[in-house]
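To keep things clear, I will list the structure first and then write my remarks on it.
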Amino acid sequence: MVNPLSAATAYANTAARATGPKALGPTEGASFGEVLEQAAHSAIGTMQKSETMSAQAAIGKADLNDVVQAVTNAEVTLQTVTAVRDKVLNAYQEILRMPM
């Protein structure tokens with residue numbers, strides 16, 4: 001759950017960096033590609049954990065609550081990945097439609 005105070009602080013920090021004297025220069029921190037790569041690895045890890053928990057449940061070595069939680073996390077992750085994919089494809093299609 002997002003804390004409103006943390007969100008407001010992050011927004012203020014981002015706004016300060018964007019309007020500061022270094023706004024057009026190189027930024028600090030991870031690049032967009034690196035952030036995207038980390039998110040992909042995290043999604044893959046969540047899906048693998050769900051698969052492992054499901055396999056353990058099939059042989060009776062996992063608690064049902066843990067299995068349900070892992071599968072739910074995997075479902076939410078898959079929905080998020082699908083939504084991001086759809087947004088990227090829509091943005092690409094909009095770029096293709098732009099007149100030159």
Side-chain angles (χ1 to χ4, degrees):
M1 185 109 192
V2 176
N3 181 354
L5 182 59
S6 298
T9 304
Y11 177 77
N13 290 339
T14 302
R17 279 189 288 195
T19 59
K22 296 176 6 179
L24 298 177
T27 59
E28 296 177 12
S31 70
F32 177 72
E34 292 169 342
V35 171
L36 196 58
E37 182 180 0
Q38 290 171 357
H41 285 296
S42 175
I44 291 169
T46 301
M47 300 301 261
Q48 288 174 341
K49 180 179 177 185
S50 172
E51 187 176 335
T52 302
M53 291 297 290
S54 296
Q56 288 179 353
I59 59 174
K61 292 188 177 183
D63 182 37
L64 184 60
N65 290 331
D66 293 338
V67 174
V68 170
Q69 184 178 9
V71 170
T72 303
N73 287 343
E75 182 180 4
V76 170
T77 299
L78 183 61
Q79 290 173 352
T80 303
V81 168
T82 303
V84 170
R85 182 207 59 195
D86 291 344
K87 290 289 184 180
V88 168
L89 289 175
N90 287 337
Y92 180 72
Q93 290 172 351
E94 285 293 319
I95 290 170
L96 289 178
R97 285 187 222 132
M98 286 183 180
M100 289 193 188

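Residues: numbered from 1 along the sequence shown.
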Side-chain polar contacts of residues 38-60 - donor-acceptor pairs under 3.5 angstrom, sequence neighbours left out - could you list them?
{"unit_1": "Thr46", "atom_1": "OG1", "unit_2": "Ser42", "atom_2": "O", "d": "3.0"}
{"unit_1": "Thr52", "atom_1": "OG1", "unit_2": "Gln48", "atom_2": "O", "d": "2.9"}
{"unit_1": "Ser54", "atom_1": "OG", "unit_2": "Ser50", "atom_2": "O", "d": "3.0"}

### Query
Do Gln69 and Asn65 come close enough that some side-chain heavy atom pair is under 4.5 Å?
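With C-beta onward as the side chain, the pair stays apart.
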
### Query
In the hydrophobic clustering (ILVMFWY, side-chain contacts below 4.5 Å, transitive), which residues join Val76, or is it alone?
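Its cluster partners, ordered by chain and number, are none at all.
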
